[in-house]
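This one's a predicted model, so the numbers in the text were calculated from it and none came from an experiment.
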Amino acid sequence: NFGRTRLSSSVNVIRRAFSAIPETMKAAVVREVGDADALKLETDFPTPKMGPGQVIVKNEYAGINFIDTYHRKGLYPRDLPFIGGQ
């Protein structure tokens with residue numbers, strides 16, 4: 001019985017962790033190439049869904065990388081929309 005209780009407790013901890021993943025997140029999104037105004041802070045960007053062998057990491061802080069400015073300007077093309085700082 002102790003093993004079953006312990007397993008049940010572990011499953012509940014995992015279930016709570018998964019239920020805490022929000023449906024949306026904040027993201028610095030580029031939907032079209034352009035100047036600095038093309039980079040928009042969106043507060044309702046869909047949270048990525050986990051695939052097999054993947055995890056989702058909660059970030060407290062994030063930054064934009066220098067290469068993101070090239071992508072935003074269209075100098076180095078990439079699929080749109082994209083989230084800066086990846």
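- Put simply, the side chain of Asn65 never gets that close to the backbone of Ile67: no donor and acceptor are under 3.5 Å apart.
- The side-chain heavy atoms of Arg78 and Val30, taken from C-beta on, include no pair separated by under 4.5 Å.
- Rounded to the nearest 0.5 Å, atoms CG (Leu75) and OG1 (Thr69) are 8.0 Å apart.
- Applying the ring pair (Phe, Tyr, Trp, His ring centres under 6.0 Å) criterion to Tyr70, with sequence neighbours excluded, gives Phe66, Tyr76.
- Note that the OG1 atom of Thr43 and the CE atom of Met25 stand 11.5 Å from one another [nearest 0.5 Å].
- Atom-to-atom distance recorded for Ile83:CD1 and Lys26:NZ is 14.0 Å, nearest 0.5 angstrom.
- Contact detail for Ile21 and Met50: the closest heavy-atom pair is CD1-CE, 4.0 Å.
- At least one donor-acceptor pair under 3.5 Å links the side chain of Asp68 to the backbone N or O of Gly85.
- Atom NZ of Lys58 sits in a sparse spot, with 12 or fewer heavy atoms from other residues, nucleotides or ligands closer than 6.0 Å.
- Taking every heavy atom of both residues into account, Gln54 and Lys49 meet most closely at OE1-O, 3.9 Å.
- Across every non-hydrogen atom of Thr47 and Ile56, the tightest pair is CG2-CD1, 4.3 Å.
- Under the 4.0 Å criterion applied to side-chain N and carboxylate O atoms, Arg72 and Glu32 are not assigned as salt-bridge partners.
- Linking ILVMFWY side-chain heavy atoms closer than 4.5 Å, directly or via other members, places Phe45 and Leu80 in two distinct hydrophobic clusters.
- By the side-chain contact (heavy atoms from CB on, under 4.5 Å) test, Pro81 is found to be paired with Val29, Arg31, residues two or more places apart in sequence or in another chain being considered.
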